[in-house]
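To keep things clear, I will list the structure first and then write my remarks on it.
These figures come from a predicted structure and were not determined experimentally. Letters go in sequence order (proteins before strands), and every chain restarts at 1.
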Amino acid sequence: MELRKMNVANETGQMPAITIEQAGNYDGQEVILKGWLYNLRQSGKLLFPIFRDGTGIIQGVCALKENPEAFQSLKGLTQESSVIVTGKIRAEKRAPGGYEIGVSKIQIVQKVPESTPFPIQLKEHGVDFLLDQRHLWIRTPRQAAILRIRAEAIRAAREFMDAQGYTLTDAPMFTPAACEGTSTLFEVNYIDDQKAYLTQSGQLYAEAIAMALGKVYTFGPTFRAERSKTRRHLTEFWMLEPEAAYVEFEEIMTLGEGLVSTIVQGVLKNKSRELETLKRDTTKLEHVKPPFPRISYEDAVSLLNKNGNPAKFGDDFGGDEETIISSSFDRPVLIHHYPTSIKAFYMQPDAQRPELALAFDMIAPEGYGEIIGGSQRIHDYDLLLKRLHEHKLPEEAFQWYLDLRRYGSVPHSGFGLGLERTVAWICGTEHIREVIPFPRMIYRVYP
RNA sequence: UGGGGCGUGGUCCAACUGGUAGGACACCUCACUGUUAAUGAGGAUGGUGAAGGUUCGAAUCCUUCCGCCCCAGCCA
């Protein structure tokens with residue numbers, strides 16, 4: 001694509017319109033850039049505009065003596081005004097990024113009025129202000145880099161799943177009742193006084209589709225009306241949820257391991273510039289390759305006790321416990337065989353030790369918490385029905401789910417990967433709210 | 001929902017034991033041909049989250065309310 005454009009330019013003598021990330025391929029050539037004015041520095045009769053176009057930023061240079069017309073248009077131009085720039089790309093050590101554009105012509109598409117300057121400065125701001133300005137905040141280089149890394153994480157994840165023979169499918173957003181019955185659901189008014197709920201997981205539906213297509217995965221938003229106010233929680237977040245027929249516990253853990261390492265390696269390979277923008281210490285990401293350490297729940301309890309944590313069998317692990325366990329390893333760690341009592345109703349008990357569930361969590365390093373939760377699912381009709389009753393769930397609502405155990409039931413497994421937590425960890429962001437374009441949190445639905 | 005913290009110009013902060021609310025950035029003008037969140041000089045704008053109380057006097061102390069942040073729980 002780049003080559004073709006270059007050839008066209010050379011043959012016809014027309015200037016190529018390029019993106020800033022391509023600038024290095026056009027050293028010495030006259031090009032057109034379409035973007036925005038990110039910043040403007042001035043030194044006498046020399047202007048140093050910084051342009052951005054969504055792919056990166058590049059410094060421009062404009063001298064009064066050489067280009068009086070462009071100089072006059074550019075001088076005093078306000079931050080974030082949209083511009084089309086013509087000029088010659090050249091390697092320049094003094095320019096950030098190594099290349100700059102010598103501006104010969106500038107067309108102002110829209111000038112930001114001086115009376116209402118762009119609210120986000122290059123200096124520091126508070127979180128609340130930035131979130132109120134989220135629609136503009138995403139223009140800044142750091143936020144743009146994070147969103148590009150998010151896109152790469154999704155691309156790498158989907159490529160991996162497809163290559164493993166999993167078929168992309170979709171679960172509904174409107175559901176008639178709780179999937180797991182535990183978390184709080186968002187209730188919505190459906191047609192004609194009916195109530196519906198926003199999904200908190202596509203898993204149960206993915207199980208049904210897995211019985212139709214074999215190996216499947218869903219990828220979409222999920223909603224939790226929990227009153228969680230930590231840096232790891234959103235009320236709307238995206239999950240990738242594989243579900244596979246005839247796949248048992250060991251195999252599904254290995255799939256999770258492959259998925260996470262593929263995402264990390266994909267970002268390292270294809271978004272190194274963005275990681276650099278974020279000043280992310282990539283040495284911590286480089287060894288995120290299989291195999292990941294695996295530790296049983298019981299061994300994890302022992303490990304915690306050795307580190308002075310009073311956890312005992314039957315306790316669920318909180319943030320403190322996760323941090324102690326994950327800091328013992330240099331890559332994500334899988335904790336498996338949790339007590340049945342603290343896990344969801346649909347999880348298959350271990351054949352030898354039924355008090356333990358074939359369930360696992362993957363904990364990200366550096367305190368980013370659980371990024372995967374998964375299990376082998378109960379495939380026996382009677383056991384599933386018993387568990388539904390034990391968890392006091394309405395049997396009627398789960399008739400279709402029970403049907404899956406009535407018509408050719410097979411062992412099957414799956415998990416959910418939390419996209420935002422994964423991306424937050426890869427980016428090393430302070431808060432999960434930075435890794436989704438418009439975060440939805442307990443007290444924020446604007447903008 | 002508990003525990004802790006914070007609310008001061010558009011933004012980021014300062015203001016002693018209660019004593020005239022201030023600085024920087026942003027905006028405008030001028031100077032400067034290699035700036036790196038440029039720098040220097042000048043200018044205009046504009047604020048104590050809300051209500052009540054104590055006091056000669058409240059950003060500061062008290063009460064209530066509102067908003068936000070962090071942690072826990074729940075979870076991805």
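- Residue contacts shown for E100(A) include a base, since a base heavy atom lies under 4.0 Å away.
- Using a 4.0 Å heavy-atom cutoff across all strands shown, P96(A) reaches at least one base atom of the nucleic acid.
- Between E243(A) and K215(A) there is no salt bridge, since none of the side-chain N atoms of the basic residue sits less than 4.0 Å from a carboxylate O of the acidic one.
- Within 4.0 Å of E124(A), counting heavy atoms only, lies at least one base atom of the nucleic acid.
- Using P as the reference atom, U20(B) and G40(B) are 30 Å apart when rounded to the nearest Å.
- Side-chain atoms of E207(A) and Y401(A) form a donor-acceptor pair, as typed in the model, at a separation below 3.5 Å.
- Using a 4.0 Å heavy-atom criterion, one finds that R231(A) contacts the sugar-phosphate atoms exclusively.
- The backbone N or O of R232(A) sits less than 3.5 Å from a side-chain atom of R421(A), completing a donor-acceptor pair.
- Here, G53(B) and U60(B) have their P atoms 14 Å apart, quoted to the whole Å.
- Pair assignment for A24(B) gives U11(B), based on Watson-Crick or G-U wobble hydrogen-bonding distances that are each under 3.5 Å.
- C75(B) makes up no base pair with any nucleotide shown, lacking Watson-Crick or G-U wobble contacts both under 3.5 Å.
- The existence of a salt bridge linking R444(A) and D128(A) is confirmed by a sub-4.0 Å separation between a basic side-chain nitrogen and an acidic carboxylate oxygen.
- Taking atom NZ on K75(A) and atom C1' on U33(B), their separation rounds to 14 Å, with Å as the unit.
- Set against C70(B), U1(B), C12(B), the side chain of H431(A) has C70(B) as its closest nucleotide.
- Taking atom P on both C6(B) and C61(B), the two are 10 Å apart, rounded to the nearest angstrom.
- Taking atom P in both U39(B) and A26(B), the straight-line distance is 7 Å, to the nearest Å.
- Among the nucleotides C70(B), A76(B), U33(B), the one closest to any side-chain atom of L46(A) is U33(B).
- In this structure, CG of L198(A) is placed 17 Å from C1' of A76(B), rounded to the nearest angstrom.
- Between the side chain of H233(A) and the base of C75(B), at least one donor-acceptor pair of N or O atoms lies under 3.5 Å.
- Note: CD1 (I436(A)) to P (A76(B)) measures 16 Å, nearest angstrom.
- F118(A) comes within 4.0 angstrom of nothing in the nucleic acid, heavy atoms only.
- You'll find that the side chain of K229(A) is closest to C70(B), out of C70(B), A26(B), G34(B).
- Taking atom C1' on both A21(B) and A14(B), the two are 10 Å apart, rounded to the nearest angstrom.
- In this structure, D315(A) places its CG atom 15 Å from C1' of C74(B), rounding to the nearest Å.
- Nucleotide U60(B): unpaired (no Watson-Crick or G-U wobble partner with both distances less than 3.5 Å).
- Nucleotides A15(B) and G9(B) place their P atoms 15 Å apart, quoted to the nearest Å.
- Among the atoms of the strands shown, only primed sugar atoms or phosphate atoms (P, OP1, OP2) are found under 4.0 Å from some heavy atom of F129(A).
- With a 3.5 Å ceiling on both atom-pair distances, the Watson-Crick or G-U wobble partner of C6(B) is G67(B).
- Nucleotide U39(B) forms a Watson-Crick or G-U wobble pair with A31(B), both donor-acceptor distances falling under 3.5 Å.
- Across the protein-nucleic acid pair, D128(A) atom CG and U8(B) atom P stand 10 Å apart, rounded to whole Å.
- For the pair L136(A) CG and U11(B) P, the interatomic distance rounds to 14 Å; values are reported in whole Å.
- Evaluation of F237(A) against the base of A76(B) yields a stacking contact (centre distance < 5.5 Å, interplanar angle < 30°).
- A salt bridge between R294(A) and D299(A) is absent, with no side-chain N of the basic residue lying under 4.0 Å from a carboxylate O of the acidic one.
- Residue-to-nucleotide proximity on RNA chain B shows that, of N39(A) and E420(A), the 5′-proximal contact is made by N39(A).
- By the 4.0 Å N-to-carboxylate-O rule, E366(A) lies close enough to R280(A) to be salt-bridged with it.
- Residue contacts shown for R433(A) are limited to sugar-phosphate atoms, with no base heavy atom under 4.0 Å away.
- Between I442(A) and I432(A), it is I442(A) whose nearest contact on RNA chain B lies nearer the 5' terminus.
- Comparing C75(B), C32(B), G34(B) by their closest approach to the side chain of V61(A) singles out G34(B).
- Here R387(A) pairs with E390(A) in a salt bridge; the nearest charged N to carboxylate O distance falls below 4.0 Å.
- At the heavy-atom level, G369(A) lies nowhere under 4.0 Å from the strands shown.
- Between the CD atom of E114(A) and the C1' atom of A26(B) there is a distance of 13 Å, given to the nearest Å.
- If you check every strand for non-hydrogen atoms under 4.0 Å, Q121(A) touches a base.
- The closest side-chain donor-acceptor pair between H412(A) and Q376(A), if any, does not fall under 3.5 angstrom.
- Nucleotides A58(B) and A51(B) place their P atoms 14 Å apart, quoted to the nearest Å.
- Phosphate contact (OP1/OP2 of U33(B), side-chain N/O of K65(A), threshold under 4.0 Å): absent.
- Contacts of Q59(A) with the nucleic acid, taken as non-hydrogen atoms under 4.0 Å apart, include base atoms.
- As rounded to whole Å, 20 Å separates atom P of U39(B) from atom NZ of K45(A).
- The nucleotide whose nearest atom lies closest to any side-chain atom of R41(A) is, among U35(B), G34(B), C27(B), U35(B).
- U11(B) and U48(B): their P atoms are spaced 12 Å apart (whole Å).
- Counting non-hydrogen atoms under 4.0 angstrom, I120(A) reaches nothing in the nucleic acid.
- Shown are F360(A), F249(A), Y297(A), F313(A); of these, the ring pair (Phe, Tyr, Trp, His ring centres under 6.0 Å) with H337(A) is made only by F249(A).
- Donor-acceptor pairing under 3.5 Å, judged by distance alone, is present between the side chain of S228(A) and the base of C74(B).
- The phosphate of G34(B) (OP1 or OP2) has no side-chain N or O of R94(A) nearer than 4.0 angstrom.
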